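Throughout, numbering of the chain's residues begins at 1 and tracks the sequence. Each ligand, and each atom within it, is numbered from 1 in the order the structure gives. Quick note: numbers below take in every heavy atom, side chains included, and nothing from hydrogens, waters or symmetry partners. Fair warning: this is a prediction, and the values are worked out from it, not measured in the lab.
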Amino acid sequence: MSPPAPAAVRDRLRIAIQKSGRLGEPSRALLASCGLDWRESRDRLFCYGESLPVDLLLVRDDDIPGMLAEGVCDLGIVGRNVLAEQAAEREARGLPEAARELFALDFGGCRLDIAIPDAWEWEGPAQLQGKRIATSYPWLLRRWLERQGIDAEVVVLSGSVEIAPRLGQADAVCDLVSSGATLAANQLRPVLTLLESESVLAGAAHAPAGARGRLQEQLLRRMQGVLRLKDSRLLMFQAERSRVPDVLKLLPDADPPTMMQLDGQDTLALQTLCRGTMTWQRLEDLRQAGARGLMVLPVERSLA
Ligand code: PRP
Ligand code: ZN
């Protein structure tokens, strides 16, 4: 691989995603559905974009905010928790914002929770006074403790935080919870949520200019198109004019429908984009309300 070009002269867009772990696969799948594909290099940490000048960097998620801050990449797919931790650190150090959340991506949902040993009776945040709390999110935790007026010791660990109480390194933990299985397996239970998180598209504080900026805008439009259509289906049906209001009452998750009058009849042909899942039960309810000739069609692409 040739040495990387400095951000100012680089004309190809770069997106950093998680190399391995929970966000890696869905991140790739999302980008692929936007029409991107890559020639994988042998080191597999840099993937050269073939269909568009958009390259992929496979990195540790915790490194993504820093890479955005330094202009090494233009976009990143990362948990809001990681971005928020970096923002809290920069705020505490008096540094300006370096990366920002552009929009949420609808996967990788989790919470940053404080969890205590099962055996404790939970009496509220004041109970954490004087305790040791293990976390990989020291800046978010410290800021929260400070705002609550709680003086606790923050024990910084880079992984396997949940085991710290059993090892006597800490009394409680502050860590990500998704299914809750890791906490339960370590006899801990969540009592407070510091942050609701999910995967987000993150961009540098200042979007790139020129051709790279236009490329970024194009990609953002495609991603928003893909997200908008997630689970969406085109629904087509006919109904007597008088029964249309009843049918539409059953479609609160649909766009305003396009309606066409069928020649010389009191029947309308309707089509609308539905956001929610179109189960057999829903179709039967729609039929009951007066819809006929129901058809559910997949929607492949949309561009606003
Ligand atoms: C996260 C987190 C917890 C676990 C929670 O770790 O740090 O340990 O997942 O998930 P659960 O509630 O579904 O059990 P992850 O596997 O992402 O590894 P990492 O902490 O090393 O990034
Ligand atoms: Zn991680």
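Contact record, Ser199 with Leu23: OG-CD2, 3.2 Å, taken as the closest heavy-atom pair. A pairwise comparison of heavy atoms in Pro53 and Leu215 identifies O-CD2, 3.4 Å as the closest pair. The two residues Glu198 and Asp106 come nearest to each other via the heavy atoms OE1-N, 3.4 Å.
Using a cut-off of 4.0 Å between Lys/Arg side-chain N and Asp/Glu carboxylate O, Glu240 and Arg292 are scored as not salt-bridged.
Comparing heavy-atom distances from atom 1 (C) of ligand 1 across Arg22, Gln18, Arg111 singles out Arg22 as nearest.
Both cation-pi conditions hold for Arg12 and Tyr48: the charged atom is under 6.0 angstrom from the six-membered ring centre and inside a 45 degree cone around its axis.
Close approach of ligand 1 to Asp175 (heavy-atom distance below 4.0 Å) involves ligand atoms 2 (C), 3 (C), 7 (O), 8 (O). Against a heavy-atom cut-off of under 4.0 Å, Val177 is close to the following atoms of ligand 1: 12 (O). Every atom of ligand 1 is numbered from 1 in the order shown, and the set under 4.0 Å from a heavy atom of Gly180 is 11 (P), 12 (O), 13 (O). Within the listing of ligand 1, atoms 3 (C), 8 (O) sit less than 4.0 angstrom from a heavy atom of Glu162. Within ligand 1, counting atoms from 1 as listed, the ones closer than 4.0 Å to a heavy atom of Ser179 are 11 (P), 12 (O), 13 (O), 14 (O). With ligand atoms numbered from 1 in the order given, ligand 1 contributes 4 (C), 5 (C), 8 (O), 10 (O), 11 (P), 14 (O) to contacts under 4.0 Å with heavy atoms of Thr182.
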How far apart are the C-alpha atoms of Lys131 and Glu153, what are their side-chain angles, what is the distance that settles it, and do they pass the side-chain contact (heavy atoms from CB on, under 4.5 Å) test? CA-CA 6 Å; Lys131 299 285 194 298; Glu153 185 190 335; over 6 Å; no
